[in-house]
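See below for the structure under consideration.
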Amino acid sequence: MTVRQIRLFGDPVLRAACTPITQLDAGVRALVDDLVDSVRLPGRAGVAAPQIGVGLRAFSYNVDGEVGYVLNPVLTSTSGEAERIGEGCLSVPGLWHEVLRYPHATVTGIDLDGNPVEVSGDGVLAQALQHETDHLDGMLYIDRLDPADRRVAMREIRESDWF
């Protein structure tokens with residue numbers, strides 16, 4: 001089991017758009033193993049590849065006992081009325097702010113055999129799918145905060161022990 005260290009706000013890998021996976025080789029298989037192992041820790045709903053220092057389009061999820069991964073994920077649909085919901089991020093530890101998220105989301109991608117996969121969900125899973133695909137585009141949840149809340153979040157980051 002390889003639980004990888006989570007990269008924190010300020011690390012450039014978190015701000016770069018990830019490269020699509022073009023070869024399903026041993027390196028990608030090891031990445032998936034590490035993502036799945038890393039998301040299994042208590043309190044983790046998702047881990048994106050850049051959060052463990054890898055600039056490839058992949059993430060894992062762990063919601064309601066369902067653990068999985070998606071390679072080259074694309075957020076293909078959201079539905080319902082966007083609502084403000086409390087959210088945090090492993091890469092911005094200790095912060096919790098309300099962000100607009102849709103109550104239903106669908107992501108499509110591939111698995112390690114190159115087969116198409118689709119993950120759809122409501123509630124926490126929908127939130128995780130949106131959050132993790134944001135990571136793959138170089139976006140953190142604090143980027144989605146309204147300006148006043150973002151100023152508060154940035155102050156909290158500057159005053160944190162880890163920054």
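Screening Val39, Val119, Val107 for a side chain to side chain contact (heavy atoms under 4.5 Å, CB included) involving Tyr61 leaves a single residue, Val119.
Within the 4.5 Å cutoff, side-chain heavy atoms of Arg155 are placed close to those of Arg158. With a 4.5 Å cut-off on side-chain heavy atoms, Asp143 and Arg150 count as touching. Side-chain atoms of Asn115 and Ile110, non-hydrogen and from C-beta on, never get closer than 4.5 Å to each other. Looking at heavy atoms from C-beta onward, Leu100 lies out of side-chain contact with Arg144 at the 4.5 angstrom threshold. Side-chain atoms of Pro93 and Trp162, non-hydrogen and from C-beta on, do get closer than 4.5 Å to each other.
Relative ring orientation between Tyr141 and His97 is described as tilted, the plane-to-plane angle lying within the 30° to 60° band.
Expressed to the nearest 0.5 Å, how far OG1 of Thr2 lies from CG of Leu35 amounts to 11.5 Å. Separating the SG atom in Cys89 from the CG atom in Leu140 is a distance of 6.0 Å, to the nearest 0.5 Å. Between Arg151 atom CZ and Ile142 atom CD1 the span is 13.5 Å, to the nearest 0.5 Å. Atom CG of residue Leu125 and atom CD of residue Glu66 lie 6.5 Å apart, to the nearest 0.5 angstrom. Atom CD of Glu81 is separated from atom OH of Tyr102 by 9.5 Å, given to the nearest 0.5 angstrom. Leu8 contributes atom CG, which lies 9.5 Å from atom CG of Leu90 (distance to the nearest 0.5 angstrom).
Within a 6.0 Å sphere centred on CZ of Phe9, heavy atoms belonging to other residues, nucleotides or ligands number more than 12.
In terms of heavy-atom proximity, Val36 sits nearest to Gly68 at CG2-O, 4.4 Å. Taking every heavy atom of both residues into account, Asp113 and Leu24 meet most closely at C-CD1, 3.9 Å. Of all heavy-atom pairs spanning Pro50 and Arg7, the tightest one is O-CG, 3.8 Å. Heavy-atom minimum distance, Ser38 versus Ile52: OG-CG2, 4.4 Å. For Ala126 against Ala105, the heavy-atom pair with the smallest separation is CB-N, 3.6 Å. Looking at every heavy atom in both residues, Ala128 comes nearest to Val63 through CB-CG2, 4.4 Å.
Taking hydrophobic clusters as Ile, Leu, Val, Met, Phe, Trp and Tyr residues chained together by side-chain heavy-atom distances below 4.5 Å, Val54 does not share a cluster with Val13. Trp96 and Met139 sit in two unconnected hydrophobic clusters of ILVMFWY residues. Membership requires side-chain heavy atoms under 4.5 Å apart, directly or through other members. A single hydrophobic cluster is seen to contain both Val124 and Leu75, as judged by linkage of ILVMFWY side chains at heavy-atom distances under 4.5 Å, directly or through other members. Clustering ILVMFWY residues whenever any of their side-chain heavy atoms sit less than 4.5 angstrom apart, transitively, puts Leu129 in the very cluster that holds Val117. Under the 4.5 Å side-chain heavy-atom criterion for ILVMFWY residues, a single connected hydrophobic cluster contains both Phe163 and Leu145.
At a threshold of 4.0 Å, the pair Arg4-Asp37 does not count as salt-bridged, since none of the basic side-chain nitrogens sits closer than that to a carboxylate oxygen. Using a 4.0 Å cut-off between charged side-chain N and carboxylate O, Arg15 and Asp137 make no salt bridge. One finds a salt bridge joining Glu87 and Arg101 here, because a Lys/Arg side-chain nitrogen approaches an Asp/Glu carboxylate oxygen to under 4.0 Å.
The closest donor-acceptor contact from the side chain of Glu98 to the backbone of Arg84 lies at 3.5 Å or more, if one exists at all. Between the side chain of Asp149 and the backbone N or O of Asp146, no donor-acceptor pair lies under 3.5 Å. Looking only at distances, a side-chain donor or acceptor of Gln127 sits under 3.5 Å from a matching main-chain atom of Gly86. Of the possible donor and acceptor atoms, one in the side chain of Arg57 sits under 3.5 Å from a partner among the backbone N and O of Pro73. Using a distance-only test at 3.5 Å, with no hydrogens or angles considered, no donor-acceptor pair links the side chain of Ser120 to the main chain of Thr106.
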For Cys18 and Leu56, what are the C-alpha separation, side-chain angles and deciding distance, and is it a side-chain contact (heavy atoms from CB on, under 4.5 Å)? CA-CA 5 Å; Cys18 292; Leu56 294 175; 5.6 Å; no
Could you check His135 against Gln51 for side-chain contact (heavy atoms from CB on, under 4.5 Å), going step by step and ending with a plain yes or no? CA-CA 8 Å; His135 272 300; Gln51 290 183 283; 3.5 Å; yes
Apply the test side-chain contact (heavy atoms from CB on, under 4.5 Å) to residues Asp111 and Leu71: give CA-CA distance (whole Å), side-chain angles for both, the deciding distance (0.1 Å), then the verdict. CA-CA 6 Å; Asp111 65 14; Leu71 305 178; 5.9 Å; no
Can Ile6 and Ser91 be said to form a side-chain contact (heavy atoms from CB on, under 4.5 Å), step by step? CA-CA 6 Å; Ile6 299 295; Ser91 294; 3.7 Å; yes
